[in-house]
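Notes for the one structure printed next.
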2 protein chains.
Amino acid sequence: MKTALDEQAQSSLLLRKLGRIDDLTDDEERAVLNLPMKVKVFDADVDIIRDGDRPSDCAVVLSGFVCRYKILPDGKRQILGLYIPGDMPDLQSFPLQVPDHGVGTLARSNVGLIPHECLQDMLRSYPNLTKAFWRETLIDAAIAREWMIGLGRRSAYQRTAHLLCELHLRMMSVGLARSDGYDLPLTQNELADTLGLSTVHVNRVLQDLRREKLITLRGSALHIPDTRALQAAGEFDPAYLHLTD
Amino acid sequence: MKTALDEQAQSSLLLRKLGRIDDLTDDEERAVLNLPMKVKVFDADVDIIRDGDRPSDCAVVLSGFVCRYKILPDGKRQILGLYIPGDMPDLQSFPLQVPDHGVGTLARSNVGLIPHECLQDMLRSYPNLTKAFWRETLIDAAIAREWMIGLGRRSAYQRTAHLLCELHLRMMSVGLARSDGYDLPLTQNELADTLGLSTVHVNRVLQDLRREKLITLRGSALHIPDTRALQAAGEFDPAYLHLTD
DNA sequence: CGTACGATTGAGAGACTTCAACAAACGTGG
DNA sequence: CCACGTTTGTTGAAGTCTCTCAATCGTACG
């Protein structure tokens with residue numbers, strides 16, 4: 001169980017993101033901090049929202065790794081988004097009510113759950129906050145578009161390098177990465193479902209990246225000796241993450 | 001040049017979409033109808049917003065066909081979204097200010113341009129409308145996710161069938177399609193850039209679809225004799241379009 | 001009637017997949 | 001603390017989907 005203090009610290013993670021682009025008023029900040037949030041611990045590989053459910057809470061990742069995914073009739077899985085601490089994986093379905101895919105954990109995760117009504121109430125009281133949340137979903141969508149570009153037009157090698165770069169910056173922005181690497185708790189199978197590849201091919205691509213001295217990866221410890229080089233390999237341009245405007 | 005009456009008729013196209021999910025008040029409806037909109041005609045294959053521009057207007061497609069796209073360093077293009085009358089192709093970048101890709105026409109199109117400030121003002125006056133616009137962007141994002149699934153995990157054949165089904169329903173919903181077909185003004189090359197395929201392969205896939213009697217396509221006239229059959233071929237489930245909730 | 005763009009075809013190559021087996025790492029219970 | 005089972009990672013070989021290149025055909029339009 002988390003203490004109240006912890007929860008505040010964790011709400012502030014959310015606050016940091018929301019306030020990243022335009023400034024919130026003190027009142028608005030307080031409203032966000034006062035959102036009632038139930039913290040729940042999920043094991044790895046567990047559903048938070050099942051496809052078709054009509055969830056009553058909105059999730060904030062506090063620790064761990066969460067993904068949005070879709071399973072096709074033939075059993076294939078495509079991971080549609082990766083969510084790290086500070087992210088709200090199902091904000092996309094909050095205004096639409098009906099999610100069209102599942103949300104689940106990839107690693108053991110702490111997830112804050114905020115009742116939809118409380119969020120609704122807050123947005124009614126502070127309409128300007130709607131824009132901040134809206135923006136969050138747009139950044140999420142921008143990331144999805146970048147993945148689309150990769151899936152449609154980049155090689156497996158580029159796409160993989162690109163993803164590793166993206167996660168590096170995103171992890172950095174919430175203080176979970178060092179400048180030369182981070183903890184990547186995804187199996188090669190999960191990477192494959194993210195990148196639209198087979199597990200076998202992911203394995204070979206990772207070996208190529210190692211051979212080129214662009215990464216070392218032992219267990220979940222990813223080391224990136226030369227950020228620039230990896231970014232070049234993945235044609236990575238961070239503009240789409242909107243981290244600094 | 002359009003008459004004032006025409007413009008109203010066209011604003012109402014927008015209104016229909018915005019009001020599709022939850023009802024707007026009379027005041028809100030009026031605010032939308034009163035948005036000042038400059039109608040501009042664009043030829044086919046012309047940019048409306050160039051990657052990196054900071055646009056001053058927000059676009060509404062009134063007629064024709066518009067797309068969002070990204071060109072990669074090696075010249076490859078990925079089309080990220082298709083926009084038909086009633087759609088707002090750059091609503092995604094409106095709250096973020098900085099677009100991370102271009103928007104252009106695929107066919108000769110009438111586009112309504114609404115100054116950002118006017119939109120901002122309206123949302124300030126009627127904060128509840130923000131949610132309606134937000135929802136629009138989320139449906140757009142849901143479509144993008146569905147494309148991601150296709151790009152990552154579906155065969156060229158399924159993916160193509162899926163896209164044809166999606167456009168069919170979307171065109172139907174704005175009265176631009178009959179139940180047995182519609183006008184598809186995309187070249188095979190443009191389809192290829194949408195589907196993440198080569199032009200040659202799109203050509204062969206279309207021939208396969210013809211051979212299976214799922215479509216006939218002469219010029220831009222697409223005929224779908226059996227909607228169900230094509231949907232089955234594309235594993236198409238329209239839920240993600242959120243057309244009816 | 002020529003020109004240009006889009007559609008079509010054929011042949012060969014390459015990227016990625018599938019299948020299948022094995023090795024290594026990990027967690028768990030005895 | 002070791003044995004064991006399960007999961008994850010690695011390797012090889014064969015196959016297939018899709019791409020590239022390059023030529024040809026059709027058709028609309030000036």
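Letters A, B, ... are given to chains in the order of the sequence lines, protein chains preceding strands, and every chain is numbered from 1. Below, all heavy atoms of this structure are taken into account, side chains as well, without hydrogens, waters or symmetry copies.
In terms of modelled atom types and a separation under 3.5 Å, the side chain of B/Ser109 and the main chain of B/Ala107 share a donor-acceptor contact. Proximity of a side-chain donor or acceptor of A/Glu235 to a complementary backbone N or O of B/Leu72 within less than 3.5 Å is not detected.
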Just distance, no hydrogens or angles: give the donor-acceptor pairs under 3.5 Å from side chains in residues 212-221 of chain A, sequence neighbours left out.
| residue | atom | partner | partner atom | Å |
| --- | --- | --- | --- | --- |
| A/Ser220 | OG | A/Asp183 | OD1 | 2.6 |

Distance-only donor-acceptor pairs under 3.5 Å for side chains of residues 223-230 of chain A, two or more places apart:
| residue | atom | partner | partner atom | Å |
| --- | --- | --- | --- | --- |
| A/His223 | ND1 | A/Asp180 | O | 3.2 |
| A/Asp226 | OD1 | A/Arg228 | N | 3.1 |
| A/Asp226 | OD1 | A/Ala229 | N | 3.2 |

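Spacing between atom CG of A/Leu209 and atom P of D/dT10 amounts to 12 Å, rounded to whole angstrom units. Per the geometry, CZ belonging to A/Arg211 stands 12 Å off C1' belonging to D/dT11, to the nearest Å. Spacing between atom CZ of A/Arg159 and atom C1' of C/dA15 amounts to 10 Å, rounded to whole angstrom units. We find that CZ of B/Arg154 is positioned 23 Å from P of D/dT16, with the value rounded to whole Å. At whole-Å resolution of the value, CZ in A/Arg218 and C1' in D/dT10 are 15 Å apart. Rounded to a whole Å, the CG atom of A/Leu191 is 16 Å from the C1' atom of D/dT7. In this structure, A/His201 places its NE2 atom 16 Å from C1' of C/dC19, rounding to the nearest Å. Counting to the nearest Å, the P atom of D/dC17 and the CZ atom of B/Arg153 are 16 Å from each other.
Among residues two or more places apart in sequence or in another chain, the side-chain hydrogen bond (donor to acceptor under 3.5 Å, both in side chains) test is passed with B/Arg204 by none. With sequence neighbours left out, the side-chain hydrogen bond (donor to acceptor under 3.5 Å, both in side chains) criterion links B/Asn203 to B/Gln188, B/Gln207. Qualifying ring pair (Phe, Tyr, Trp, His ring centres under 6.0 Å) partners for A/Tyr182, counting only residues two or more places apart in sequence or in other chains: A/His168. Residues that satisfy the side-chain hydrogen bond (donor to acceptor under 3.5 Å, both in side chains) test with A/Glu166, not counting sequence neighbours, are A/Trp147, A/Arg170, A/Tyr240. Under the rule for a side-chain hydrogen bond (donor to acceptor under 3.5 Å, both in side chains), B/Asp74 has no partner lying at least two apart in sequence or in another chain.
The list of side chain to side chain donor-acceptor pair (under 3.5 Å) pairs with a residue in residues 76-86 of chain B, not counting sequence neighbours, reads B/Arg68-B/Tyr83, B/Arg77-B/Asp193, B/Tyr83-B/Asp140. The stretch residues 48-72 of chain A participates, sequence neighbours left out, in no ring-ring contact (aromatic ring centres under 6.0 Å, His included) pair at all.
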Any protein N or O atoms within reach of nucleotides 3-13 of chain C? Criterion: under 3.5 Å, listing atom names and distances.
| residue | atom | partner | partner atom | Å |
| --- | --- | --- | --- | --- |
| C/dA7 | OP2 | B/Gln188 | N | 2.8 |
| C/dT8 | OP1 | B/Arg210 | NH2 | 3.3 |
| C/dT8 | OP2 | B/Gln188 | NE2 | 2.7 |
| C/dT8 | OP2 | B/Asn203 | ND2 | 2.6 |
| C/dT8 | OP2 | B/Arg210 | NH2 | 3.3 |
| C/dT8 | O5' | B/Asn203 | ND2 | 3.1 |
| C/dT9 | OP2 | B/Gln207 | OE1 | 2.5 |
| C/dT9 | OP2 | B/Gln207 | NE2 | 2.8 |
| C/dG10 | N7 | B/Arg204 | NH2 | 2.5 |

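One end of the helix from C/dC1-D/dG30 to C/dG30-D/dC1 points its axis 40° away from the other end's axis, with each axis taken from 5 pairs and the angle rounded to 10°.
The stretch residues 101-109 of chain A does not touch DNA chain D, since none of its heavy atoms comes less than 4.0 Å from the strand.
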